[in-house]
Amino acid sequence: GAGASLCAARGGRSVDTTMGYTPLEGLVMATRSGTVDPGMVLWLIEHGRLDASEVREGLEHRAGLAGLSGTGGDMRDVLAARRSGDGAATLAVDVYLHRLRRELASMAAALGGVDVVAFTGGVGEHSAEVRAAAIAGLGFLGLALDPDANAATTGAGSGDRDLTGAGATAATVVVTAREDLEITRQVRAVVGA
């Protein structure tokens with residue numbers, strides 16, 4: 001669904017997440033805004049004369065990368081537009097990366113440090129460019145990428161990989177999303193198989 005979130009985990013248990021009451025909160029996503037100032041929502045209703053359904057539609061389906069860049073919100077398209085010099089796409093990627101680094105640092109604060117950062121899912125598994133830019137701004141957490149390992153970890157079938165660079169005190173990895181295995185595990189627990 002092109003959503004995105006972060007989770008701070010200790011001992012296999014979540015201690016913090018970027019999601020709130022709904023998945024709308026947190027990171028900038030393909031079409032979802034991520035966290036916004038509640039005052040903006042009030043302004044849109046009071047001064048923009050939008051009703052709640054129009055605000056909801058905007059925040060969930062016309063914001064995020066799509067709204068900032070003017071593309072459909074697919075990170076591959078936004079990055080391609082950015083590489084061709086598109087200013088709106090550049091802004092979209094800059095906002096996306098700023099929010100990603102900010103929220104990743106807040107997850108590290110919730111944990112009192114970081115041992116490993118794991119990228120997974122669509123952008124996390126398939127965009128070496130996003131991984132490199134995100135980690136480059138987080139050296140103060142002891143993170144560094146091996147550029148060759150990062151470049152080799154893109155596309156279908158690349159699998160789980162360690163991307164940790166020289167001098168890093170915390171690991172960076174790519175983990176293939178395996179929601180199907182977790183769903184199967186939980187179904188078996190419920191049905192007692």
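- Here Met40 contributes atom CE and Ile45 contributes atom CD1; the two are 10.0 Å apart, rounded to the nearest 0.5 Å.
- With Thr164 contributing its side chain and Thr172 its backbone, the two residues share a donor-acceptor pair below 3.5 Å.
- Distance check: Arg99 CZ to Leu27 CG gives 8.5 Å after rounding to the nearest 0.5 Å.
- Remark: side-chain polar atoms of Arg101 are paired, donor with acceptor, to backbone N or O of Ala133 under 3.5 angstrom.
- One hydrophobic cluster, built from ILVMFWY side chains closer than 4.5 Å, holds both Ile135 and Val95.
- A donor-acceptor pair shorter than 3.5 Å cannot be found between the side chains of Asp86 and Ser84.
- Taking hydrophobic clusters as Ile, Leu, Val, Met, Phe, Trp and Tyr residues chained together by side-chain heavy-atom distances below 4.5 Å, Met29 does not share a cluster with Phe119.
- By the rule that hydrophobic residues join a cluster once side-chain heavy atoms approach within less than 4.5 Å of another member, Phe140 and Leu111 end up as members of separate clusters.
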In sequence, state the C-alpha distance, the side-chain angles, and the governing distance for Val78 and Tyr96, and then conclude on side-chain contact (heavy atoms from CB on, under 4.5 Å).
-> CA-CA 11 Å; Val78 178; Tyr96 181 95; over 6 Å; no
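- Considering every non-hydrogen atom in both Leu138 and Ala105, the closest pair reads CD2-CB, 4.5 Å.
- Arg82 places no side-chain N or O within 3.5 Å of a backbone atom of Val93 that could act as its donor or acceptor partner.
- Without hydrogens or angle criteria, Glu125 side chain to Ala177 main chain gives a donor-acceptor distance under 3.5 Å.
- Summarising the geometry, atom CD belonging to Glu129 is positioned 8.5 Å from atom CG belonging to Leu97; distances are rounded to the nearest 0.5 Å.
- Of the inter-residue distances, the one linking Glu25 atom CD with Glu103 atom CD reads 8.0 Å to the nearest 0.5 angstrom.
- For Leu79 against Ser127, the heavy-atom pair with the smallest separation is CD1-OG, 3.6 Å.
- In this structure, the separation between CG on Leu65 and OG1 on Thr31 is 9.0 Å, given to the nearest 0.5 Å.
- Checked for salt-bridge contact, Asp146 and Arg161 miss the test: no charged N lies under 4.0 Å from a carboxylate O.
- To the nearest 0.5 angstrom, Arg83 atom CZ is 11.0 Å from Thr90 atom OG1.
- A donor-acceptor pair under 3.5 Å is formed between the side chain of Glu54 and the backbone N or O of Asp51.
- Here the side chain of Thr120 pairs a donor or acceptor atom with the backbone of Val175 at under 3.5 angstrom.
- Proximity of a side-chain donor or acceptor of Arg76 to a complementary backbone N or O of His126 within less than 3.5 Å is not detected.
- Between the side chain of Arg49 and the backbone N or O of Glu46 there is at least one donor-acceptor pair closer than 3.5 Å.
- Between Leu163 and Ala149 the shortest heavy-atom distance is CD2-O, 3.5 Å.
- Between Leu141 and Val114 the shortest heavy-atom distance is O-CG1, 3.7 Å.
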